[in-house]
Amino acid sequence: MITSDFIPIEYDSFDFQGRNYIRIIGRNSKGKRVCILDSCDVYFWAILNEKINQKRLDKIIKRIKEIQLDTKGRKTKVESVEVHDKNFLEKPVKALKIFCTNYKDLHEIASELNFPEIEFRRGYDLGFITHYILEKDIKPLCWYEIQGDIANGKFPGIENLDVDLCIELQKVKPIENENFKPKSLSYDIETDDIKIGEGEILMISLVSDNFKKVITWKKSGNKEKDWGNIEYVKDEEELLRAFIKHVKEISPDFLVGYFSDGFDLPYLRARAEKLKVPLEIGLDGSQPKFSRGRTGGIFTGKVLGIVHIDLLKFIQTAYSPYMQSETMSLNEVSKEFLGEEKKNFKIKHSSLIEDHNWEDYYEYNLQDSVLTSKLFDKIWPDLLEFTKIMQEPIFDISRNGMSANVEDYIIHNLKKFNEIPEKRPIHDEILQRRQRERYEGAFVFEPTPGLYEDIAFFDFTSFWPSIIVTYNLSRSTLLEKKIENSTEIEVLGKKVYFSKKPGFFPQMLKEIIEKRKKYKKELSEKPDAMKRARSNAYKLLANASYGYMGFFGARYYCPEASGAATAIGRIWSKKTIDEINNAGYTTIYSDTDSISFLLNKRSKTEALSFLKELNKRLPGIMELELEGFFKRGIWVTKRTGKIGAKKKYALIDENKKLKIRGFETVRRDWCNLARKVQNNVIKHVLEEGNEKKSLEYLKEVINQIKKRGVNKEDLIIKTQLKKPLLEYKAISPHVIAARRMKERNIPISQGNVIEYFIAESQGKKKLVRDGVKLPQEEGNYDIKYYLKNQLIPSVENIFQVFDIDINEIAEGKKQTKLGDF
DNA sequence: GACTGAACTATACC
DNA sequence: ACGGGTATAGTTCAGTC
């Protein structure tokens, strides 16, 4: 018997003699790689009709015990049946716990249970690894003390596993240990064709602790200037072998890439197949396996024993809504997170690269891995906390969307409620859910356009979560009909009712909010990266809970609850606006959970004590807080008509800090010229309180445009291709640009951001798209377009607040009229 | 050929 | 297919005169 400490990193399962086994790969505190083998009971639940009598029950159990299957070359059977008192969707039920031989057959065995007394069959669709974690409580990235014998030849293939210690688990207990330093290896490849496997891989860069290398078979003409990190190999085949060798030698816990599920790993596999070099990087010598993950979607690459992490996916779900970057490219993300950029190098086909340029290419390639590695280090605390909170393997956590995170959290916290898990919706159900009528959302106040002074900005803390908790909204608290002491809300013209007995979902959410508060407080007292990550993870989890209930793929789907939350939200938002106005303030604007209003000569102190008053009247855990005080703010009209535009305003505080929402300044599909000018105009207007300075500035800009004095880079318009090129019904400018790129063999695909500018064209030009040119194309920019379709629209409404018609200035003025261009 | 509203599309706000 | 609804605005498309 051997004892060791152990931190589980990667889980996978295998079958042996018809049964399921778990193989967990991890480390001990000395950094040795440890593998544990284990198994657990396999079962699902059959929920019984409440009217069933004992005699009938005995008969059913007897029949169930006789079920045997012999499919897929596997004999499986019901091994035993137990009767338990459980809860299902909050309702106490009698349920059969049906133990079977193999997890993979649970669904099929469940289908055999055609007894009218069995109302529901549940718990067969969690996946064996989730089932195991629930059963044995061996959670990813938490420390344990483990005991067991060295795994001998009992399991086939174990001796080929490249680990220091392999134990057949007998005893396990959780222990305290905060120390785990993950060993990562970041990688990046450069190729001659962006289509998977269609070009040669020219080089691969690798970065780990004290390790930086570029492997390549393309030699620089400048050999003497070898900077030590280059490993030259004979050809592409040797390149792949060198890659495999280094991965094996370094033997990391994490193989980290950026968009590597979609590019680097599948490319390596494709080239390895073509060149017949087995990509044996798994700890058992296996090759990466690609699958569609838990619920379909894009392919993910899995390496046995080494967790392949694609940073892009995690950054998209966990950070992108809070980021400034306009794209999630490695360059922009690195700039924002690390303050570092990619190396400036213009990629060309290898046949066009001159001898002395190869070194720049190597450096470029290496820098990508350096950035990836640094991003991984930066993001690690968040990955770790997400994994510990959601209690699923980090491979999945790093690829989850927020709804999957919410669901993981629920599944792993059902135990204390004695709840049987609800099933995942099947295909038809999803189709049906997707067709549901949209329920009404939040309330947005129509502002009166104008320039305002001395503004207070309040918002509700965790608006949706606080409503869900306060009003106990969820799938399991939704009532079929009205009962005494229930909450009644109208959703889509129908009344829905919720029980006031706290449900497990609102209770979990309440706990999430409380933990968030606690960690946020601890963070403010003594900040560190882990506390920040923990506080952040709970915040994101709480914020995603409302969307989860309205999401068609959710196990605990409940649009009635989401719809009720928005209905209640509208009521409190409007009510609060009324109270603010009744107290002598003037509401200017409100969107969902925020309200801005004029102080009307009252002091900030007064406003703050008024805030306390408002809070006393709010129910449950709902709470209003101060977002800030602002010196000035501007709201403008819509482009058409005179009414105030929603979701478009700008504020300035006493430190001259701007808060700009919705304006073209913040939209990436407008050219920099329009964005910059608008930003400056807003800044001047808010700082000065009038339009004079802006007007002078604008006149200058107009002259610059007319003189063709504007740099091309300020005229580039960037628009994302949101779908495959062929699916477009309307051929808009960016589609034309994308088509032209394709003609020129510039690879483009869905998701790419297309860049173009509008040029003057010789022939007759009716549509904007007739003037589209790619940035690298020659051509004079279309003065009329940039004035009329970019500059003027971006500032017109701002000047209109001061009763100034910009068109007159642009056209009139003894200068040429717009029409002449 | 000019004009108009609807459809399509992208992006932002919360 | 992989959180929700609300909102603005540009460009094209298809119909009218």
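Being a predicted model, the structure only gives us computed values, none of them experimental.
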Can you tell me whether the side chain of A:Arg639 and the base of C:dT8 have a donor-acceptor pair closer than 3.5 Å? no
Are [X] and [N] close enough that a side-chain N or O sits under 4.0 Å from OP1 or OP2?
{"X": "A:His734", "N": "B:dA10", "answer": "yes"}
{"X": "A:Arg438", "N": "C:dG5", "answer": "yes"}
{"X": "A:Lys647", "N": "C:dA9", "answer": "no"}
{"X": "A:Tyr785", "N": "C:dT11", "answer": "yes"}
{"X": "A:Tyr589", "N": "C:dA7", "answer": "no"}
{"X": "A:Arg436", "N": "C:dG5", "answer": "yes"}
{"X": "A:Lys638", "N": "C:dT8", "answer": "yes"}
{"X": "A:Arg675", "N": "B:dT11", "answer": "no"}
{"X": "A:Tyr728", "N": "B:dA10", "answer": "yes"}
{"X": "A:Thr592", "N": "B:dC14", "answer": "no"}
{"X": "A:Lys723", "N": "B:dT9", "answer": "yes"}
{"X": "A:Arg661", "N": "B:dC14", "answer": "yes"}
{"X": "A:Asn543", "N": "C:dG3", "answer": "no"}

Categorize A:Gly553 for me: base, sugar-phosphate, or nothing, with a 4.0 angstrom heavy-atom threshold over every strand shown. nothing
So what does A:Phe463 hit on the nucleic acid, given a heavy-atom distance under 4.0 Å: a base, only sugar-phosphate, or nothing? nothing
Closest nucleotide of DNA chain C for A:Phe443 versus for A:Ala544: which of these residues is on the 5' side? A:Ala544
Please say which of A:Gln750, A:Glu326, A:Arg668 ends up in a side chain to side chain donor-acceptor pair (under 3.5 Å) with A:Gln720.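 With A:Gln720 as partner, A:Gln750, A:Glu326, A:Arg668 yield a single side chain to side chain donor-acceptor pair (under 3.5 Å), made by A:Arg668.
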If you round to the nearest 0.5 Å, how far is OH of A:Tyr548 from OG of A:Ser403? 7.5 Å
For the pair A:Glu422 and A:Arg475, find out whether any cationic side-chain nitrogen is under 4.0 Å from an anionic carboxylate oxygen. yes
Calculate the interatomic distance between [X] atom [atom1] and [N] atom [atom2]; express it in whole Å.
{"X": "A:Lys722", "N": "C:dT11", "atom1": "NZ", "atom2": "P", "answer": "18 Å"}
{"X": "A:Glu796", "N": "C:dT8", "atom1": "CD", "atom2": "P", "answer": "16 Å"}
{"X": "A:Asp669", "N": "B:dC13", "atom1": "CG", "atom2": "C1'", "answer": "15 Å"}
{"X": "A:Arg667", "N": "C:dG10", "atom1": "CZ", "atom2": "C1'", "answer": "9 Å"}
{"X": "A:Trp670", "N": "C:dT11", "atom1": "CH2", "atom2": "C1'", "answer": "12 Å"}
{"X": "A:Trp464", "N": "C:dG4", "atom1": "CH2", "atom2": "C1'", "answer": "9 Å"}
{"X": "A:Ile717", "N": "C:dA9", "atom1": "CD1", "atom2": "P", "answer": "17 Å"}
{"X": "A:Arg433", "N": "C:dG4", "atom1": "CZ", "atom2": "P", "answer": "12 Å"}

Quick one: does NZ or CZ of [X] land under 6.0 Å from the six-membered ring centre of [Y], within 45 degrees of the ring axis?
{"X": "A:Arg570", "Y": "A:Phe443", "value": "no"}
{"X": "A:Lys723", "Y": "A:Tyr728", "value": "yes"}
{"X": "A:Arg667", "Y": "A:Phe663", "value": "no"}
{"X": "A:Lys520", "Y": "A:Tyr538", "value": "no"}
{"X": "A:Lys659", "Y": "A:Phe457", "value": "yes"}

Output the single nucleotide from [options] whose closest atom is nearest the side chain of [X].
{"X": "A:Asp591", "options": "B:dC14, C:dT8, C:dG4", "answer": "B:dC14"}
{"X": "A:Gln720", "options": "B:dT11, C:dG3, C:dT12", "answer": "B:dT11"}
{"X": "A:Glu440", "options": "C:dT6, C:dA1, B:dT9", "answer": "C:dT6"}
{"X": "A:Lys648", "options": "C:dA9, C:dT6, C:dG5", "answer": "C:dA9"}
{"X": "A:Val666", "options": "B:dT9, B:dA12, C:dG5", "answer": "B:dA12"}
{"X": "A:Leu767", "options": "C:dG4, C:dT12, C:dT6", "answer": "C:dT12"}
{"X": "A:Thr719", "options": "B:dT11, C:dT12, C:dG5", "answer": "B:dT11"}

Just distance, no hydrogens or angles: give the donor-acceptor pairs under 3.5 Å from side chains in residues 467-474 of chain A, sequence neighbours left out.
unit_1   : atom_1 : unit_2   : atom_2 : d
A:Thr470 : OG1    : A:Ser466 : O      : 2.7
A:Thr470 : OG1    : A:Ile621 : N      : 3.1
A:Tyr471 : OH     : A:Trp572 : NE1    : 2.8
A:Asn472 : OD1    : A:Gly503 : N      : 2.9
A:Asn472 : ND2    : A:Ser499 : O      : 2.8
A:Asn472 : ND2    : A:Lys501 : O      : 2.8
A:Ser474 : OG     : A:Ser476 : N      : 3.4
A:Ser474 : OG     : A:Thr477 : N      : 3.3
A:Ser474 : OG     : A:Thr477 : OG1    : 2.8

Are the aromatic ring centres of A:Tyr556 and A:Phe504 under 6.0 angstrom apart? yes
Heavy atoms within less than 4.0 Å of DNA chain B: which residues of residues 556-569 of chain A have one? Give them sorted by number. none
